[in-house]
Amino acid sequence: MSEILSHLQMGFGVAFSWSNLAVALIGAFFGTMVGVLPGLGPINGVAMLIPIAFAMNLPPETALILLAAVYVGAEYGGRITAILINVPGEASAIMTTLDGYPLARQGLANVALSLSAWSAFFGSLVSVIGIIILAPLLAKWALAFGPAEYFVLMVFAFCCLTSLLGDKPVKGALSALIGLAIATVGVDSNSGIYRYTFDSVHLFDGIQFVVVVIALFAVAELLEMLEKLVGGQHVEVESSGRKLFNVKELAFTWWTVVRSSLLGFVVGVLPGAGASVASAVAYSNEKRICENKDPVNSKFGKGDLRGVTAPEAAATASAVGSFVPMLTLGVPGSGTTAVMMGALTLYNITPGPVLFDTKPELVWGLIASLFIANVILFLMNVPMVRVFSKVLSVPGWLMVPGILAVSYIGVYAINAGTFDLMMAAVIGGIGYLLRKADVPMAPLVLGVVLGDMMEQNLRRALSITDGNLHILFDSGIAKGLWLVSIVIVVVPPVLRYLRKRKSRLQTA
């Protein structure tokens with residue numbers, strides 16, 4: 001413990017230098033703005049700053065602090081548009097839309113934004129503490145995850161979707177299957193065969209996630225807003241006037257934030273799992289817990305504060321936790337940390353176990369700066385809540401084209417072509433019709449997010465055993481995940497049936 005404290009003291013000495021503090025502040029602000037813009041996300045934000053940091057001859061620890069601040073800032077920023085206009089800034093904010101946007105429509109945008117900032121701060125704090133204490137141990141545990149275990153983890157994530165489907169499991173399953181089908185479009189990375197491209201060169205790389213998420217959330221939402229405007233309804237929402245959450249709301253969501261932060265950190269340690277998986281599993285877990293405890297008063301999906309705090313705490317905890325495999329194993333914990341590893345190679349630094357001995361000032365300076373960056377983000381975002389919520393007071397006739405313009409900039413930035421714009425319009429129209437049919441969008445988007453990862457790990461696992469399925473059930477981790485997945489699928493319907501039967505007997 002004394003050795004850890006001495007390393008931390010050295011790390012804070014590095015992080016508290018004026019240049020690194022300034023870099024952390026700039027990175028946090030830039031990351032927040034990147035997160036707000038639909039389609040950019042933390043990967044693009046970090047990638048944009050790498051050549052700038054290298055061209056400015058920044059020391060490696062300063063460059064890494066800058067990129068880490070952008071990464072965490074983007075996780076914060078993604079929630080702002082998710083809550084205010086139902087457009088997630090990046091993938092991990094998808095789950096935040098489910099309850100964040102209904103809260104905004106109820107005039108509680110300020111409360112939702114401030115509470116999500118607190119949740120993200122607490123989640124990152126838990127992860128920083130976890131990195132300090134448990135990094136070597138968790139890194140060894142993460143090595144036990146092979147392709148078979150990752151495939152079962154993806155199955156577990158889809159089983160968690162069952163708690164999102166409520167009383168419409170068929171429509172939810174259909175939505176998830178559509179998402180998985182979209183994920184198969186493009187070139188098969190193993191065989192090189194074109195799948196469902198219809199001989200269109202624009203589909204050779206598949207349908208980009210940004211196109212799908214902006215189409216299903218931004219375009220479909222705008223069509224609904226346009227429908228209301230044409231029908232003479234007002235889409236503006238008045239704020240409640242409160243700037244921050246109160247003590248009662250903090251106590252109401254406290255254990256949700258704690259559980260989701262711990263869960264997000266564990267998922268973040270797994271290389272490649274990412275904040276999207278963490279936010280989906282945390283939201284599903286909290287929804288199931290709350291509905292089992294009090295099914296009558298549960299408002300998940302209609303504006304429950306716990307539905308905002310759970311994915312926000314988990315996503316930020318996962319983002320910070322993804323630094324564990326990068327620093328200890330030299331394995332990227334997420335797409336963004338993979339880009340950051342590329343930045344370190346520019347300085348001839350190879351992440352891995354020896355990094356703690358050869359570059360302690362870099363490792364512990366980064367850990368300390370993660371804490372400082374999150375404090376900066378919390379202090380920066382909370383006062384800006386009232387400014388962000390002013391978006392809701394914009395007249396509908398101006399908000400609709402404004403959101404569409406910002407969203408389409410994100411779509412166009414992918415390949416700088418018009419095909420993606422047309423694809424977003426088509427998918428958005430289909431999403432609008434699916435909404436009218438009361439088909440949930442979250443399973444569809446998660447199918448797109450997890451589909452490719454799920455397929456690749458299944459094929460890698462089967463290639464190891466020449467197609468024998470036993471590899472999916474051999475390890476203790478896989479068996480445990482299969483067991484939990486079965487319980488998640490079976491138990492909730494049984495409990496709902498027993499509750500209905502009990503109520504019928506009582507009325508009889």
Shortest non-hydrogen contact from [X] to [Y]?
X	Y	value
Ser279	Ala315	CB-CB, 4.4 Å
Asp452	Ala183	N-CB, 4.0 Å
Leu25	Ile376	CD1-CG2, 3.6 Å
Thr96	Ala82	CB-CB, 4.4 Å
Ala310	Glu286	CB-CG, 3.6 Å
Trp482	Val152	NE1-CG2, 3.5 Å

Would you kindly say whether Arg79 and Ser116 are connected by a side-chain donor-acceptor distance under 3.5 Å?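 Short answer, yes.
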Measuring only between side-chain heavy atoms, which start at C-beta, is [X] closer than 4.5 Å to [Y]?
X	Y	answer
Leu84	Leu113	yes
Phe252	Asp304	yes
Arg435	Leu223	no
Val308	Thr253	no
Val155	Leu481	no
Tyr71	Val320	no
Ile83	Tyr101	no
Phe371	Ile129	no

Could you label the plane-to-plane angle of the Phe378 and Trp118 rings as parallel, tilted or perpendicular, counting under 30° as parallel and over 60° as perpendicular? perpendicular
Pair Val257, Glu312 - check side chain to side chain contact (heavy atoms under 4.5 Å, CB included), show working. CA-CA 9 Å; Val257 173; Glu312 285 303 314; over 6 Å; no
Rounded distance (nearest 0.5 Å) linking atom [atom1] of [X] with atom [atom2] of [Y]:
X	Y	atom1	atom2	answer
Thr316	Leu125	OG1	CG	12.0 Å
Leu108	Asp99	CG	CG	12.0 Å
Leu366	Leu64	CG	CG	4.5 Å
Ile178	Leu444	CD1	CG	5.5 Å
Thr309	Trp255	OG1	CH2	13.5 Å
Asn374	Leu379	CG	CG	10.5 Å

Working for side chain to side chain contact (heavy atoms under 4.5 Å, CB included), residues Gln106 and Leu103: CA-CA 5 Å; Gln106 296 166 20; Leu103 285 168; 4.1 Å; yes
Chi angles and distances behind the side chain to side chain contact (heavy atoms under 4.5 Å, CB included) call for Ser127, Phe323: CA-CA 10 Å; Ser127 276; Phe323 284 97; over 6 Å; no
Main-chain N/O of Leu58 paired to Thr62 side chain as donor or acceptor, under 3.5 Å: no
Derivation of the side chain to side chain contact (heavy atoms under 4.5 Å, CB included) call for Leu305 and Leu115: CA-CA 8 Å; Leu305 291 173; Leu115 201 55; 3.9 Å; yes
